[in-house]
Amino acid sequence: MRISGNIYSLASVYNNFGFFNKPKNNDAKKPQATSQEKGGIYVTPLVNTKKQEDTISRALNELKKVEFSTNDIIYMQNLGVNMPFKNGLEAVDYLNNKHIDIAYANFSNDSVHACLDTTNEVPVVLINSNYKDLATFSDILALSEAMFHETGHAKDNDSINSIQEEIDCLALNVLAHQFYKKTYPDVFKNQTSPLYSEGVNLYDKLFFDFDLNKAALKQRVSEKYGYLNTASPYHQASLMAREIKEIS
């Protein structure tokens, strides 16, 4: 999901870290703790605590390890997905090179897990402050998936969103989730909070549903993003995106 001065999207579900290059003026891009209306929701960015920065750093370090299996790549391509990144390291390097900050923020809509704020020249990844105290290992992994998704939105370097773009970025969540499940068996077992039940666990289940028509996935994406245009620059509409638009 991305937000900007105009209504582009309401996303579903971060940088004072050693491996990020900081600008000379460390205050130049820090989120300002003032309430602003962005993309149909209000966000109030917060200043990260040291503990929160450590959580974000750990999440990004886990994301750097993410690799996509050949079968999963083929599977996503057959669904019409055009993945913004080839692996997690590529996404972390993109954040680093573009100096994109990550912060927590109060969202007026609690169902939004994370978003990309493109109001200013340099975008900022914002995570719902409901998750600011989460720090278990499973939480670290889930947050890294949300970061992966929002970095996918940043990759095209514009403020335009579409159904296809959301599909492409959701696929990043899911492929990271697949990697984590294989690397850390049972790590997401018995996790029922909204970050999981309405986010990372849900989309993993929907994308890998045995239903060849992916009816549940299409319905979910339609409910959340059906108001968007089918395609956007660098996100050419797939058959799935067009079918989602038809039922919206």
Side-chain angles (χ1 to χ4, degrees), residues 1 9-14 41 43-44 46 48-49 51-63 65-66 68-69 72 75-76 79 81 88 91 102-116 125-153 166-167 169-211 214-226 244:
M1 169 183 203
S9 169
L10 292 179
S12 73
V13 292
Y14 223 81
I41 64 171
V43 297
T44 306
L46 307 175
N48 294 334
T49 65
K51 182 178 180 180
Q52 290 162 356
E53 289 178 0
D54 289 344
T55 295
I56 291 166
S57 181
R58 289 178 62 196
L60 291 170
N61 280 329
E62 289 299 325
L63 182 55
K65 303 174 186 177
V66 170
F68 304 154
S69 75
D72 284 350
Y75 181 85
M76 288 299 182
L79 291 179
V81 171
I102 302 174
Y104 293 92
N106 294 329
F107 291 2
S108 61
N109 185 341
D110 282 344
S111 69
V112 178
H113 304 304
C115 67
L116 180 75
V125 174
L126 298 176
I127 297 178
N128 195 314
S129 62
N130 288 347
Y131 308 137
K132 68 182 186 300
D133 296 322
L134 299 183
T136 68
F137 188 59
S138 61
D139 294 336
I140 295 293
L141 299 180
L143 290 173
S144 79
E145 293 182 38
M147 297 172 195
F148 205 9
H149 178 116
E150 302 309 329
T151 308
H153 282 304
E166 289 295 344
I167 293 171
C169 293
L170 286 169
L172 293 177
N173 287 66
V174 173
L175 292 185
H177 200 77
Q178 287 287 309
F179 175 84
Y180 291 145
K181 288 198 303 181
K182 294 170 185 174
T183 306
Y184 310 112
D186 297 328
V187 69
F188 298 116
K189 188 176 181 180
N190 299 324
Q191 297 295 337
T192 59
S193 74
L195 180 60
Y196 299 89
S197 63
E198 295 298 317
V200 297
N201 284 350
L202 174 62
Y203 285 103
D204 182 67
K205 177 181 178 181
L206 293 177
F207 268 84
F208 282 92
D209 191 340
F210 287 117
D211 174 20
K214 297 293 183 285
L217 174 61
K218 292 173 184 175
Q219 185 61 42
R220 172 71 177 189
V221 176
S222 172
E223 292 169 356
K224 294 190 69 66
Y225 307 113
I244 289 170

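Since this is a predicted model, take the numbers as computed values, not measurements.
- Shown here are the side chain to side chain donor-acceptor pair (under 3.5 Å) partners of Asp139, two or more places apart in sequence or in another chain: Thr136, Tyr196.
- Residues Asn106 and Val43 form no side-chain contact, since every pair of their non-hydrogen atoms from C-beta on lies 4.5 Å or further apart.
- Taking Phe179 as the reference, nothing meets the ring-ring contact (aromatic ring centres under 6.0 Å, His included) condition, with sequence neighbours excluded.
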*side-chain contact (heavy atoms from CB on, under 4.5 Å) between Lys65 and Thr183: does it pass, once the steps are laid out?*
CA-CA 10 Å; Lys65 303 174 186 177; Thr183 306; over 6 Å; no

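- Side-chain atoms of Phe107 and His113, non-hydrogen and from C-beta on, never get closer than 4.5 Å to each other.
- Between Arg58 and Glu53 no salt bridge is recorded (no basic side-chain N to carboxylate O distance below 4.0 Å).
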*Ile167 and Leu217: side-chain contact (heavy atoms from CB on, under 4.5 Å), yes or no, with the steps?*
CA-CA 10 Å; Ile167 293 171; Leu217 174 61; over 6 Å; no

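- For the atom pair Ile56 CD1 and Asn61 CG, the distance stands at 12.0 Å (nearest 0.5 Å).
- Leu134 is not listed as a side-chain neighbour of Thr55, based on a closest heavy-atom distance of 4.5 Å or more.
- For Glu223, the side-chain contact (heavy atoms from CB on, under 4.5 Å) test picks out Gln219, with sequence neighbours left out.
- Asn173 and Cys169 make their closest contact through OD1-O, 3.1 Å (heavy atoms, listed as atom of the first residue, atom of the second, distance).
- Counting only distance, with no hydrogens or angles, the side chain of Asp211 and the backbone of Ala215 share a donor-acceptor pair below 3.5 Å.
- Residues Ala146 and Ala114 share a closest heavy-atom pair of CB-CB, 4.3 Å.
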*Please assess Ser144 against Glu62 for the test side-chain hydrogen bond (donor to acceptor under 3.5 Å, both in side chains), listing each intermediate value before the final yes or no.*
CA-CA 7 Å; Ser144 79; Glu62 289 299 325; over 6 Å; no

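- Sorted by first and then second residue, the salt bridge (charged side-chain N to carboxylate O under 4.0 Å, His left out) pairs involving residues 170-187 (not counting sequence neighbours) are Asp72-Lys182, Lys181-Asp204.
- Listed for the Glu150 side chain is a donor-acceptor partner under 3.5 Å among the backbone atoms of Leu116.
- Using cut-offs of 30° and 60° on the angle between ring planes, the pair Phe137 and Tyr184 is perpendicular.
- Of the residues Phe188, Tyr203, Phe148, the one that meets the ring-ring contact (aromatic ring centres under 6.0 Å, His included) test with His177 is Phe188.
- The side-chain heavy atoms of Phe68 and Met76, taken from C-beta on, include no pair separated by under 4.5 Å.
- Under the 3.5 Å distance criterion, the side-chain polar atoms of Lys214 are matched with a main-chain donor or acceptor of Asp209.
- With sequence neighbours left out, Tyr75 forms a ring-ring contact (aromatic ring centres under 6.0 Å, His included) with Phe208.
- Using a 4.5 Å cut-off on side-chain heavy atoms (C-beta onward), His153 and Glu166 make contact.
- Expressed to the nearest 0.5 Å, how far NZ of Lys218 lies from CG of Leu206 amounts to 12.5 Å.
- Heavy-atom minimum distance, Thr192 versus Ser197: O-OG, 3.4 Å.
- Side-chain contact between His149 and Leu172 is absent, with no heavy-atom pair separated by less than 4.5 Å.
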*For Leu175 and Val66, what are the C-alpha separation, side-chain angles and deciding distance, and is it a side-chain contact (heavy atoms from CB on, under 4.5 Å)?*
CA-CA 8 Å; Leu175 292 185; Val66 170; 5.9 Å; no

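- Residues passing the side-chain contact (heavy atoms from CB on, under 4.5 Å) test with Asn190, sequence neighbours excluded: none.
- Taking all atoms of both residues into account, the shortest heavy-atom contact from Tyr104 to Asn128 is CD2-O, 3.9 Å.
- In this structure the side chain of Gln52 never reaches within 4.5 angstrom of the side chain of Leu46, judged on heavy atoms.
- Between Leu79 and Phe207, the shortest heavy-atom contact is CD1-CD2, 3.9 Å.
- Thr151 places a side-chain N or O within 3.5 Å of a backbone atom of Met147 that can act as its donor or acceptor partner.
- Rounding to the nearest 0.5 Å places CD of Glu198 at 8.0 Å from NZ of Lys224.
- By the 4.5 Å heavy-atom criterion applied to side chains, Leu195 and Leu143 are counted as neighbours.
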